[in-house]
Protein chains: 2
Amino acid sequence: MGNGPIQNRKRRATSYDVARLAGVSQSAVSRSFKPGASIAPETRDRVMAAATRLGYQPDAIARGLITKRSGIVAILISNLTNLYYPEVLAELSQELSARDMRVLLFSLANESEVDRVLDQIWRYRVDGVISAARLTDAQIRQFGERGVPLVLYNRAAETVPCASVSCDSAGGERELVTRLLDVGHARFAIVAGPEDSTVGEERVAAARALLERAGHPDVPLARGRYSYESGEACMRELLRQGPAPDAVICANDVMAIGAMDAARAHDLRVPEQISIVGFDGVAPARWASYRLTTIRQPVRRMTRAAIAMLAERIDNPDLIAERRVFSGELILGASARIPAAQDYR
Amino acid sequence: MGNGPIQNRKRRATSYDVARLAGVSQSAVSRSFKPGASIAPETRDRVMAAATRLGYQPDAIARGLITKRSGIVAILISNLTNLYYPEVLAELSQELSARDMRVLLFSLANESEVDRVLDQIWRYRVDGVISAARLTDAQIRQFGERGVPLVLYNRAAETVPCASVSCDSAGGERELVTRLLDVGHARFAIVAGPEDSTVGEERVAAARALLERAGHPDVPLARGRYSYESGEACMRELLRQGPAPDAVICANDVMAIGAMDAARAHDLRVPEQISIVGFDGVAPARWASYRLTTIRQPVRRMTRAAIAMLAERIDNPDLIAERRVFSGELILGASARIPAAQDYR
DNA sequence: CTGTTAGCGCTTTCAA
DNA sequence: TTGAAAGCGCTAACAG
């Protein structure tokens, strides 16, 4: 304890306490803590000394009441168990903290909670919101009405203009499918995500369109819920339904991993007998047992962009909506018969 | 829009606005929103009607200023990329939200950030803190001095009494090692976590103690950083150093998974030639390519306990410190030669 | 550069 | 049951 801050247990020191101890006015204390405020270096030192003695820190809550800035950004995530989202959350959290903003986390077990969460968001006067959860257009509109900056992560609004960052699902999927076609895969199948997943549907639609144009209409499709187990189940379903496919396109990595395990359980060798590709580029996709061929989302670039856009909008709420779409990076793993291809186009 | 709330863009409605519209005093509005306050049902209805028309919600920030309760709990997590923590975070977040508390998330890239984070915590007047990050005793003491309730998750304080929940590392590890010994494993090796990880060291110490007593002193040990890559590297190191072990005890699942892949890359069959065990019970440990034998932490029970303890201490700050230790559950996967053993004891 | 003063939006006595 | 009034701890004009 020796030279630790003196302090009556419990009651925390206020700026008045510090002012009294330093022999200055309360506003001098306030100014001492505001960078660039007009205060004599000498007074400031006295104040700071008193502050540390009392263990004083300006109260962010009280400050927010008057500055209209809480320093808090809310993050909405639908399901943290998705394996892709923890990576996103870690990046967001890191970068926000570097920019001196705090994260109020809302993880939704299901979509119906959104309204309840929005209520909380209004009450806490957050400076802005990054949402990796599905929002209806009506919900998005509320942000506009209340003047709370919003950036969507990996989703987009249907009819309302709204700032967003995302990874080019269609482009990435087309790259994968083109490669698969080029080396002569012939019996395709798709493991899709839930129908209400925008990115999932984009990926599937892009794959299908390309396949159709290449003379593969009516590709068999099974729907999972983005989980490992559902990936396994989808693969089993596809194998049961007809002749084994020689290329399976999965809407995300985790299902692709489940699909690989299920295929192997059916004594199919990956990629010799069956190619399997995913999407996202999560860590386990790189594990030696899988070495998944996939499209890696540039998570860090995307999160940084999201935060930059949000910060801009916090400073200038009337900024026009903008969508930033990043290309994913093709990761040539070992789960698909695709040539390493340097001079590829 | 039709019957949506009327509202001048940007400036949010205050209790005064509502009061005026409802033709009551501002304090009547306040009371209407406080459950169990003395207010005539009829007035309350008028107020509520006005409130919805204006899209009014009591401002949590302003309320906190006077009630001394922010409704916010801070969660500290060291590294979200650990795969075990997202599961914990998801549970914590879920349960806190059910109890009408918000989560302020602090994810630390490294231990040196702790002090910076604590500063923020004091400023935001959080009602309490759950820490799954390492705190020094001096840091823990600050919580006591400031009267901020703290519950440690999977760690414990050295010399300061402090509320905590954890999983019985030693007990779990002993169960694993006993089984391995019983079936005659003879050449053990350990893949440990970083030296500054308390749980990691507990697990390793328990395993070593038991092995020593069983006539296996000086078990070779390699240190990883809890990541897949480091698990792989450790296994390679162990294989390089001497005769291949027939049982490898890993301080967590992710390293065990890395170790399995590395062992297989060396053409060792798991578990026939080498048994590998982990700790935690994360989702990928159940994947068909691994089916890891491990100890599963009862995450939901632990998180619920942590929150219950925190809530108690928020209501009664002087509550005595308590440690709750939960037993892990042995998961018999297929990564170790251990009999299914029903009548085991 | 410094102190005085007026709030931010709310809850909570205290009388009526 | 209700309204008036006094703050919670702070920042931001405004004079001095």
Answer yes or no: does a side-chain N or O of B/Lys68 lie under 4.0 Å from OP1 or OP2 of C/dT11?
no
Would you please name every residue forming a ring-ring contact (aromatic ring centres under 6.0 Å, His included) with B/Phe143, sequence neighbours left out?
B/Trp122
d(NZ, A/Lys34; C1', C/dC1) in whole Å:
15 Å
Given D/dG3, is OP1 or OP2 found less than 4.0 Å from the side-chain N or O atoms of B/Ser25?
yes
Side chain of B/Ser27: nearest nucleotide among C/dT2, D/dT1, D/dA5?
D/dA5
Could you give the CD1-to-C1' distance, from A/Ile61 to D/dC10, as a whole number of Å?
12 Å
Is it the case that D/dG9 (base atoms only) and B/Arg125 (side chain only) share a donor and an acceptor within less than 3.5 Å, ignoring hydrogens and angles?
no
Less than 3.5 Å between a donor and an acceptor, one on the side chain of B/Arg12 and one on the base of C/dG9, is that the case here?
no
Can you tell whether the side chains of B/Arg102 and B/Asp127 come within less than 4.0 Å, N to carboxylate O?
no
From CA spacing to verdict: salt bridge (charged side-chain N to carboxylate O under 4.0 Å, His left out), B/Arg116, A/Asp100
CA-CA 10 Å; B/Arg116 217 163 48 76; A/Asp100 197 32; 5.9 Å; no
Nearest whole angstrom, please: distance from the C1' of D/dA12 to the CD of A/Gln26.
11 Å
Mind checking what makes ring-ring contact (aromatic ring centres under 6.0 Å, His included) contact with B/Tyr124, not counting sequence neighbours?
none
Regarding the side chain of A/Asp59, the nearest nucleotide among D/dT11, D/dG3, D/dG9 is D/dG9
